[in-house]
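Worksheet: one structure, shown below.
Counting convention: from 1, in listed order, for ligands and their atoms alike. Since we're looking at a predicted model, the values are computed, not measured.
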Amino acid sequence: MNIVLGVGGGIAAYKSALLLRLFTEAGHTVTVIPTDASTKFVGVATWEALSGHPVTNDVFDSVDQVNHVRIGHEADLIVVAPATADLLAKAAGGHANDLLTTTLLMARGPVLFAPAMHTEMWQHASTVANVATLRSRGVHVLDPAVGRLTGPDTGPGRLPEPEAIFAAAMALVAGDTLAEHDAASPAPLPTEPAAVALEAVVPEAVAPVAPTEPVAAEPATSLATTDLLAGVRVLITAGGTREPLDPVRYLGNKSSGKQGVALAEAALAAGAIVTLIHAPMEVPAPAGATIQRIETALELRSATLAAAATADVVIMAAAVADFRPANISTGKIKKRDNADDPVITLVRNPDILVEVVAHRAAQNQKQLIVGFAAETGDDEGDAQTYAQQKLVRKGCDLLVVNEVGPGESGGERVFGQDTNQVEILALDGASPVQSGGSKREVADDVVHLIAQRLAAG
Ligand code: CTP
């Protein structure tokens with residue numbers, strides 16, 4: 001998808017760098033258009049480096065490419081974050097004096113504004129009228145979050161967290177529900193508590209609370225005979241995707257599928273209705289589940305998004321290739337003595353888990369989403385730190401984290417093994433839960449935790 005990210009001149013511009021990351025990590029192409037004022041907060045070089053594209057707000061740059069027409073036309077979605085009071089006024093007034101405002105006038109796709117300003121500005125009659133005008137034209141304007149502002153003041157005016165803006169943007173693109181919702185309700189004023197059209201569909205996109213000390217999982221030994229998940233529709237992905245290079249070769253990963261299959265077995269034993277979508281695995285799929293076999297990340301994405309629409313629980317245990325070859329050779333790639341060795345160019349795959357989270361928001365669906373994380377530490381951070389960041393980035397409810405790589409005896413610690421050692425992190429800040437033992441025992445603990453959360457509503 002082609003996304004235009006407009007950045008207004010406010011201190012919250014730095015948060016848009018994280019938003020940009022979320023878009024690019026989900027596989028989208030992003031053109032950043034910062035206002036001149038915003039470059040006092042975040043420079044053009046940052047946007048160019050993060051987006052991988054040249055950045056300008058000048059209509060007279062690259063005039064031959066008619067950017068002020070082309071960018072708006074080609075955009076599938078425009079997100080303006082932070083949207084200042086000035087930008088909202090210009091958009092409502094139809095101004096066209098820089099690349100961002102001309103692009104907004106040319107836009108034919110959905111437009112989302114994420115305002116950030118001081119409370120007085122947000123509540124000023126001018127802003128109230130401008131927001132009402134924009135909303136009445138079908139433009140989507142998020143309500144700002146309430147909290148600490150730039151100075152000592154507190155109130156409505158904070159830029160919503162990047163994850164919330166991302167989820168709202170994906171909801172907007174995916175979203176019939178959202179469109180109907182907007183159409184059905186009169187355009188609310190910014191100061192009205194009812195003005196939460198978009199926020200209402202992203203209730204889970206909140207900043208996580210810092211977790212407390214880990215606790216051991218409660219014993220889940222009785223699962224084989226319980227109906228803890230009776231009638232619950234559980235979708236599980238498993239195995240390691242394969243990205244073809246030519247008819248005989250592929251890029252793969254070490255996932256055996258054992259943990260995903262153990263989860264399917266544990267969920268079945270707990271009475272769930274299980275759908276297992278799996279890439280190649282070293283173990284057979286369990287009897288009793290609806291099975292769908294796929295090979296590539298893009299196939300996994302289509303199958304998962306379709307099945308997630310009717311799932312109460314989604315568990316993403318598959319090891320998904322983050323990249324795929326840009327071109328698949330129709331014939332076997334040959335080695336030739338008189339030619340250079342081939343170079344494989346990779347392109348990024350979409351992040352399926354992030355999309356499942358966004359779809360849940362779009363459909364206002366009640367669904368528990370569990371991600372898995374294979375982590376390694378490095379000089380810049382340990383595995384736990386990276387896992388916590390991944391939990392926030394993905395926006396899933398639970399993240400089952402295992403540290404991968406060589407174990408103490410030198411052999412592989414997780415991949416292909418029959419045992420596992422995990423820590424389960426929660427986005428809502430509940431204490432991390434530790435679990436270890438056979439992959440089935442770990443699966444039983446995960447199922448137990450899911451059942452507890454479903455029971456708690
Ligand atoms: N995942 C996904 N789509 C991708 C990559 C990963 O849905 N393109 C899911 C996996 O199924 C898993 C979770 O995201 O539930 C974390 O996967 P992991 O490989 O640990 O993380 P990445 O997103 O690939 O991040 P990184 O490689 O940077 O650690």
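- When heavy-atom distances to ligand 1 are checked against a 4.0 Å cut-off, Glu25 has no atom that comes that close, whether in backbone or side chain.
- The side chain to side chain donor-acceptor pair (under 3.5 Å) contacts involving residues 27-46 comprise nothing, where partners must be two or more places apart or lie in separate chains.
- Residue-level proximity to ligand 1 for Ala297 is absent, since no heavy atom of it falls below 4.0 angstrom.
- Taken to the nearest 0.5 Å, the CD atom of Gln365 stands 8.5 Å off from the CZ atom of Arg360.
- By the 3.5 Å distance cut-off applied to N or O atoms, Ile352 is counted among the residues near ligand 1.
- Which parts of ligand 1 touch Ala374 is read off a 4.0 Å heavy-atom cut-off, strictly below it: atoms 20 (O).
- Each of the following atoms of ligand 1 lies closer than 4.0 Å to a heavy atom of Met316: 7 (O), 11 (O), 12 (C), 15 (O).
- Scanning the protein heavy atoms around atom 13 (C) of ligand 1, the nearest turns out to be Phe372 O, 2.9 Å.
- Around atom CZ of Arg348, more than 12 heavy atoms belonging to other residues, nucleotides or ligands sit under 6.0 Å away.
- Considering backbone and side-chain atoms together, Lys394 places an N or O closer than 3.5 Å to an N or O of ligand 1.
- Side-chain contact of Gln259 with Asn420: a donor-acceptor pair under 3.5 Å is present, judged by distance alone.
- Less than 4.0 angstrom separates some heavy atom of Ala318 from each of these atoms of ligand 1: 10 (C), 11 (O).
- Residue contacts with ligand 1 for Arg393 involve side-chain atoms from C-beta outward but no N, CA, C or O (heavy atoms, distance under 4.0 Å).
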Margin query: Pair Asp428, Arg453 - check salt bridge (Lys or Arg N to Asp or Glu O under 4.0 Å), show working.
Written below: CA-CA 11 Å; Asp428 64 9; Arg453 288 198 161 236; 3.1 Å; yes

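- The atoms of ligand 1 that sit less than 4.0 Å from any heavy atom of Leu353 are 2 (C), 7 (O), 9 (C), 13 (C), 14 (O), 15 (O).
- Against a heavy-atom cut-off of under 4.0 Å, Gly371 is close to the following atoms of ligand 1: 15 (O).
- Per-residue contacts place Lys390 under 4.0 angstrom from the following atoms of ligand 1 (heavy atoms of the residue considered): 16 (C), 18 (P), 20 (O), 21 (O), 22 (P), 25 (O), 26 (P), 29 (O).
- Where the criterion is an N or O separation shorter than 3.5 Å, residue side chain and backbone included, Asp322 meets it with respect to ligand 1.
- In summary, the atoms of ligand 1 found under 4.0 Å from a heavy atom of Pro350, numbered by their order in the structure, are 3 (N), 4 (C), 8 (N).
- Using modelled atom types, one side-chain atom of Asp246 and one backbone atom of Arg249 make a donor-acceptor pair closer than 3.5 Å.
- Remark: the backbone N or O of Met106 is paired with a side-chain donor or acceptor of Arg108 at under 3.5 angstrom.
- Near Ala373, meaning under 4.0 Å from one of its heavy atoms, ligand 1 places the atoms 20 (O).
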Counting only pairs under 3.5 Å, give me each side-chain donor-acceptor contact of residues 297-311, with atom names and distances, residues two or more places apart or in other chains.
from, atom 1, to, atom 2, distance (Å)
Glu299, OE1, Glu295, N, 2.8
Glu299, OE1, Thr296, N, 3.3
Arg301, NE, Glu355, OE1, 2.8
Arg301, NH2, Glu355, OE2, 2.9
Ser302, OG, Leu298, O, 3.1
Thr304, OG1, Leu300, O, 2.6
Thr310, OG1, Ala307, O, 3.4

Notebook entry, point to check: Would Lys394 and Asp351 count as a salt bridge (Lys or Arg N to Asp or Glu O under 4.0 Å) if you check the C-alpha gap in whole Å, the side-chain angles of each, and the deciding distance to 0.1 Å?
Noted result: CA-CA 9 Å; Lys394 304 265 179 181; Asp351 192 314; 2.6 Å; yes

